[in-house]
Every structure is written in C-alpha cells, then in structure tokens.
Amino acid sequence: MRSLDQLNAKFGIKNRLHIGTGQGGLTRVVITTPAAEAHVYLHGAHVTHYARTGQPPLLFMSKQSAFLPDKPIRGGVPICFPWFGPKNDPACPDAPIHGFARLMAWTVESTSATDDVVTLVLGLHATAQSKKQWPGDFHARYTIVIGATLSLELAITNNGADAVKFEEALHTYFTVADVRNAWIDGLAGASYLDKVDNFATKTQDGAVRITGETDRVYLNTTSACIIHDPVHKRKVVNAKENSSATVVWNPWIAKAKAMSDFGDHEWPEMVCVETVNANVHAVTLAAGQTHTMKAVISSEPM
Ligand code: BG6
C-alpha cells in the first residue's frame, strides 16, 4: 500500500482532489468541484458523501456506521458484488451478505479533472481469498465522476477462462427529510419480489410510498427513479444504464433497532433506491468480456 504522500504525488489534483485519512483511520479521497463535493473511501470504493454546493447532502450516512477494514460502511453507496443479499451456499457459510467487494481495499487507478468535473477511477482484482468464495478471475473498474451530477459506473471484466455469473448493486442510500412524506416514481406497474412477505410476487400500484419495513426487488425496471422530497423541496433522480432490477429498502422501526451500525431513529431520514442486476437478472459474462452498469444521480427543485 502506498503512503498518502505517494498517493497524492501520483493522483492528487490541486484544489480538486486530495487523499487523506478519514474516519476510523481509513483512506479517504476528498473531491471538490465548483458544483459539488464528495468523499470516497478506498475501503469498498465507498462514496460516503455527495452534496451540490450550498445544498443538503444527497446521500444518507448513518452516524453509527462502522469505519473498520472488516465491516461495511452504513450509508452512501455500498457496492454489492459478486452476489446480492445472502450467498445461500452451504459450501461457503462465512460468505458475507452482499458479497466481498464492499469489504475489500480498492486501489486508485487514475484521476483527472476538467473545469467542471473530477473523475476518480478505482479498481479491484480477484485475490486468492476472493476465489475461495467466488471463483471469478475478475477486474472491477469503478469510475466516479463528480460535478453537477454524480455518475457511478461499475465495469466488471472476466479475465478467467470460463464464463462467470454474478449479481451487483450500487446500494444507494438517499437522504430524505422524512421518508413518510416522500414518494418514488418510476416503478408503477412493475412486478416486485416482496422480501418482507417471503418473496411474494406483487405489482406496484402507482408511486412507492414507505409505510412500514420495505425490502423489494423490482424486476425488469430500467427507467430512472425519482424520489420526491417535499420538505427539502427537491426531486432526486437516479437514472441508470444496463441495470434491470431496482431495490427499494427502508428498515423502519424494529429492524433499525436491531442493526448495531444504524441509529434507532435514523430510518425516517433515508431510503435506498438501488441500481441492481440480481435474482433473475444476474449477469452471465463470457471469458474476456466486460459488463458495465451505471447510475447517474442528480437533483432539481420540486
Ligand atoms: C438491501 C436488502 O438491499 O440491503 C436488504 O434488500 C438488506 O435485505 C439491506 O437488509 C441492508 O443490507 P446490509 O447487509 O447492508 O445490512
């Protein structure tokens, strides 16, 4: 691992991008552009903060999040890869929920800046340890573009000799003033698997409103989702490419209390609207091929 001085000498950009120490002593990249500011941890390639200049943050972070090398960060944009949810593999009982990518140290591959945006590219390769849990010989390249929008592109390349199958998610936690007053457009009429009702298949009637614990995998959903936040008087748009599923999650009261890294009273302040390929939309990738999934997050006054 390079020292911070070495990393900044190679990748730092004056007044735009600085690599330093964040919470828990973990390495954090701080990016400043005229339009926005962002923080990205190398642990999990985790975007923990994005705010347009002069506006409240778009991403929710739990005040109780762990910042430890062996724990996921709670909030921001965890990357789920190469599986989503529990692995459900008796041969691999210790496989972490949502895959290992959010628990691994990513490396900086490149940085660049224009007058308007900063681009940070992080990478992750298979290791002997990752191959014990999932056989793929992969390279993940995560391209984060920070400016008036936040663009997140996850490209998975299969460097192995055989095809691989994986699931993936940009598990975005959005800040809302009060989830009980917010609603989500973009999923009306879609079929979803209701994880709080034993994966029953249901159909979304109109906008999504959060009225209790919500954990749904919306299938065949490629359109943008719009989170309406009347208290913050803004609409947050999550547009996506090459993602066929959308997960909507809010733990509500009991589950929030059960999570040690999430405040008991934080559930009204967030909703996850996730850019996903999972379940029937898991990706099969031939040897030598690359699959790219992208989310572009923006906001506008309501
Ligand atoms: C969601 C899942 O995406 O993530 C939920 O659909 C899960 O089932 C939630 O509880 C949080 O997962 P974790 O591992 O970050 O606590």
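In this chain, residues are counted from 1 in sequence order. Atoms within a ligand are numbered from 1 in the order they appear, just like the ligands themselves. Both backbone and side-chain heavy atoms feed into the values below; hydrogens, waters and symmetry mates do not.
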J.: Give the residue and atom name of whichever protein heavy atom lies nearest to atom 9 (C) of ligand 1, and the separation in Å to one decimal.
T.: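 Checked against all protein heavy atoms, atom 9 (C) of ligand 1 sits closest to W249 CE2, 3.5 Å.
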J.: K202 and D197: salt bridge (charged side-chain N to carboxylate O under 4.0 Å, His left out), yes or no, with the steps?
T.: CA-CA 10 Å; K202 301 181 180 176; D197 190 10; 2.8 Å; yes
J.: Nearest protein heavy-atom contact for atom 14 (O) of ligand 1: which residue, which atom, what distance?
T.: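 Result for atom 14 (O) of ligand 1: R102 NH2, 2.8 Å.
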J.: To which protein heavy atom is atom 12 (O) of ligand 1 closest, and what is the distance rounded to 0.1 Å?
T.: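 The closest heavy atom on the protein side is H98 NE2, 3.3 Å.
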J.: Can you report which non-hydrogen protein atom sits closest to atom 1 (C) of ligand 1, along with the distance?
T.: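 Checking every protein heavy atom, the shortest distance to atom 1 (C) of ligand 1 gives H171 NE2, 3.3 Å.
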J.: Which of the atoms of ligand 1 are close to K255, meaning less than 4.0 Å from one of its heavy atoms?
T.: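 Contacts of ligand 1 toward K255, numbered from 1: 10 (O).
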J.: Less than 3.5 Å apart, any donor N or O on the side chain of E168 or N277 sitting next to an acceptor on the other?
T.: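 A donor-acceptor contact under 3.5 Å links the two side chains.
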J.: For ligand 1, is any non-hydrogen atom under 4.0 Å from E213's backbone (N, CA, C, O), its side chain (CB onward), both, or neither?
T.: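 Neither; nothing of E213 gets under 4.0 Å from ligand 1.
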J.: N220 and S191: side-chain donor and acceptor closer than 3.5 Å?
T.: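 No, S191 and N220 have no side-chain donor paired with an acceptor closer than 3.5 Å.
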J.: Pairing donors with acceptors under 3.5 angstrom, does anything connect the side chains of H228 and D185?
T.: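 Side-chain D/A pair, H228 to D185: present.
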J.: For ligand 1, is there an atom lying under 4.0 Å from some heavy atom of R74?
T.: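 Right, R74 reaches ligand 1.
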J.: Hey, is F84 one of the residues with a heavy atom under 4.0 angstrom from ligand 1?
T.: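 For ligand 1, residue contact (heavy atoms, under 4.0 Å) with F84 is present.
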J.: If the plane angle is over 60° it's perpendicular, under 30° parallel, otherwise tilted; pick one for F81 and W134.
T.: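 Geometry flag for W134 against F81: perpendicular rings.
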J.: Given N250, D215, V196, identify the one with the heavy atom nearest to atom 6 (O) of ligand 1.
T.: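 Among N250, D215, V196, the closest heavy atom to atom 6 (O) of ligand 1 belongs to D215.
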J.: Are H39 and Q23 linked by a side-chain donor-acceptor pair shorter than 3.5 Å?
T.: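 Absent: no donor and acceptor within the cut-off.
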J.: Relative to each other, are the rings of W249 and Y173 parallel, tilted or perpendicular (30° and 60° limits)?
T.: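 Aromatic pair W249/Y173 classed perpendicular.
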J.: Near E274, which atoms of ligand 1 are under 4.0 Å from a heavy atom of that residue?
T.: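 Here the atoms of ligand 1 in question are 1 (C), 3 (O).
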